[in-house]
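Throughout, protein chains are lettered first and strands after them, A, B, ... in sequence-line order, and every chain is numbered starting at 1.
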Amino acid sequence: MLEQVTRLGEYEWEVPTGTVPGMRVPGRFFLSDSLYKSLESGAVQQLANVATLPGIIRYSMAMPDIHWGYGFPIGGVAAFGLDTGVISPGGVGFDINCGVRLLSTPLRLGDLDRRRELIETLYQSVPTGVGAKGPLKLSTGDLEDMMVQGAAWPVNQGYGLREDLDNCEERGCMAQADSQAVSAKAKQRGMPQSGTLGAGNHFLEIQVVREIYDPGAAKAYGIHPGQICVMIHCGSRGLGHQSCTDHLKVLEGATKRYKIALPDRQLACAPLSSPEGKAYFGAMAASANYAWANRQMIMHTTRVVFGKMYGIDYESMHLVYDVAHNVAKIEEHSHEGKRVRVCVHRKGATRAFGPGSPDLPPGYADTGQPVIIPGSMGSSSYLLRGTTIAMERTFGSTCHGAGRILSRSAAKKTLSGVKVKNSLSKEGIIVRAPNDGAIAEEAPGAYKPSAEVVRIVDALGISNLVARLEPLGVIKG
Amino acid sequence: MSYEELDHTADIRLRVRSPTADSLFAETALAMMEIVYGKSRPGTVERTIELEAGNYENLLLDFLSEVLFLSEVDYIVFSAATVHITGNSLQAHLSGEPFDPDRHRGGTEIKGISYSGLRIVKEDEGYVLDILFDV
């Protein structure tokens, strides 16, 4: 598979049509020489598989955090025409609207005493890990409202500020949500889990702003050197997982009904205009809204903990932005000289809308959308901004994280959780997790260097660096 | 239990070997429980699953999804399973213990069971399954 790849530029590579039978467009991905060495044949195969889907426009693309997933590669981006194209859960993933938000505080590094106590209090306040139950007793009506209103639901209940909604992608709510398309099973799973972090690579991290690359943009985003911030990474919990499972099954039948030939069953799909495609889209949007409400409630808990411990006002902690990195959205983009409405799938990729784009809050309109790239545990995270180049080249998309290079089992074999925890502790980073195995699986050594991934997107211009944040403490599921 | 973890960068890929299709399904469900919750003890909480699907692959996916669902909503860690497959139908009996945060909280959450790379092959000594869990 890798022998088919041709190089187009310093950071740009092509998988020609014909690499996999039935490819309708070429594959394109972005990588540096050093990251190319860790490119898996399976990821290239998946990139090529996506190119066979009906109605795909321009390219099947992958960002520099490309790696081997299921269905789409992780880091995958593909846009489909509304009349001719399809929608596929394989281009979104089981964790619908897995995403990241960044909360800024008025605290500086010197103000952050009792750090271990802070991490412990957050760990006790935010339910984490397998089997965790959320703080709220939701009624059936509450859950319905949450799926329809998204982040606005907790804000209306007093768990946030109106300004929080301005600073979420889609204002924290996809209008196409159809809670009727979400099964009773998915609702049953979602009911007790709202406000929980989950497990795996999900985290809540205390960070300090260590470097500013773009002072103008940093000022617009309210970020300055030495500032304490909190990054929250989680998704739609069991409700989203079950919605994907349910609709995957329906769409597998639909794939046969609409006579769509697929190289991978996980790419099961249906025309966007079909009843099956619309039902999945409605359930996916409802799950995405649940995820925005989830991150909002976790942020609320974080604000309360910080307020109690450091005597700062709830209103003095601002949501910088919230991005989804597993989602499909209807957006308008330029294609062959025309403005067209397309369905953009981002599977482990982040929207990176440039200055003047719709859906940006007025304060960010001239700067572009904030893009939040979490590092792996113990390595830097980055704040970037969306660009016009991204709008022209990648349907307004960029990378979503570091991307793994070591499997979880390999990480556990080669890295000891206790050693990782101790070495992070020596660097001043406190880790709190239910067990040490989870720490080894997510250790910095298991991921590509996040600095290299963001360097490439910055060099390509599909998003530009604004600030670098270093971890001080992290809670994990 | 006879399963090994195959290489996969992002997710968990397993190879399970078992003499019969019935025992293959049961062992895969228990392997999945071990990934999510770690080691578990025998218990007296019981559940029954009955379902139908067009082929072995779909039967397995539906079965595992149902085990995951029951385990999550009823807070049960299944430690034993018996499965009987007849044609397109499956009947399973599972037993286990109640979820205990102190012992079961630190596992790896499985978000979904993928169609990607799913393979059930009958060999001379029995059945071999490759399966990928999104974690």
Practice problem: Would you check, one step at a time, whether the test side chain to side chain contact (heavy atoms under 4.5 Å, CB included) holds for Q266(A) with L132(B)? | Solution: CA-CA 11 Å; Q266(A) 191 70 27; L132(B) 189 150; over 6 Å; no

Quiz item: Most heavy-atom pairs under 4.5 angstrom with chain B, which of K185(A), E252(A), H67(A)?
Solution: K185(A)

Quiz item: Are more than 12 heavy atoms from other residues, nucleotides or ligands located less than 6.0 Å from atom NZ of K122(B)?
Solution: yes

Quiz item: Taking P101(B), G106(B), G107(B) one by one, which has the highest count of heavy-atom pairs under 4.5 Å against chain A?
Solution: G106(B)

Exercise. Answer with side chain, backbone, both or neither: which region of H8(B) has an atom nearer than 4.5 Å to a non-hydrogen atom of chain A?
Key: both

Practice problem: Could you tell me the separation between the NE2 atom of H202(A) and the NZ atom of K111(B), rounded to the nearest 0.5 Å? | Solution: 3.5 Å

Exercise. Give a yes or no on whether the backbone of V130(A) and the side-chain of E109(B) come within a donor-acceptor separation of less than 3.5 Å.
Key: no

Quiz prompt | Any residue of residues 59-74 of chain B which, by heavy atoms, sits under 4.5 Å from chain A | solution = D62(B), S65(B), E66(B), F69(B), E72(B), V73(B)

Quiz item: Between I74(A), T245(A), L248(A), which residue shows the highest count of heavy-atom pairs closer than 4.5 Å to chain B?
Solution: L248(A)

Quiz item: Rounded to the nearest 0.5 Å, how far does CD of E40(A) lie from OG1 of T9(B)?
Solution: 3.5 Å

Quiz item: Using non-hydrogen atoms only, which part of L267(A) is less than 4.5 Å away from chain B: side chain, backbone, both, or neither?
Solution: neither

Quiz prompt | Note, T128(A) side chain near R105(B) side chain (heavy atom, < 4.5 Å) | solution = yes

Exercise. Quick one: which of K249(A), H241(A), Q193(A), Q242(A) has the most heavy-atom pairs under 4.5 Å with chain B, could you say?
Key: H241(A)

Exercise. Among P434(A), G42(A), A446(A), P192(A), single out the residue with the greatest number of heavy-atom pairs under 4.5 Å to chain B.
Key: P434(A)

Quiz item: Do you know which two heavy atoms are closest between W68(A) and D7(B), and how far apart they sit?
Solution: CZ3-O, 3.6 Å

Practice problem: Find the distance between CG (L262(A)) and OH (Y115(B)) and round it off to the nearest 0.5 Å. | Solution: 11.5 Å

Quiz prompt | Pair D11(B)-Y70(A), side-chain donor/acceptor within less than 3.5 Å | solution = no

Quiz prompt | Part of I113(B) within contact of chain A (heavy atom distance under 4.5 Å) | solution = backbone

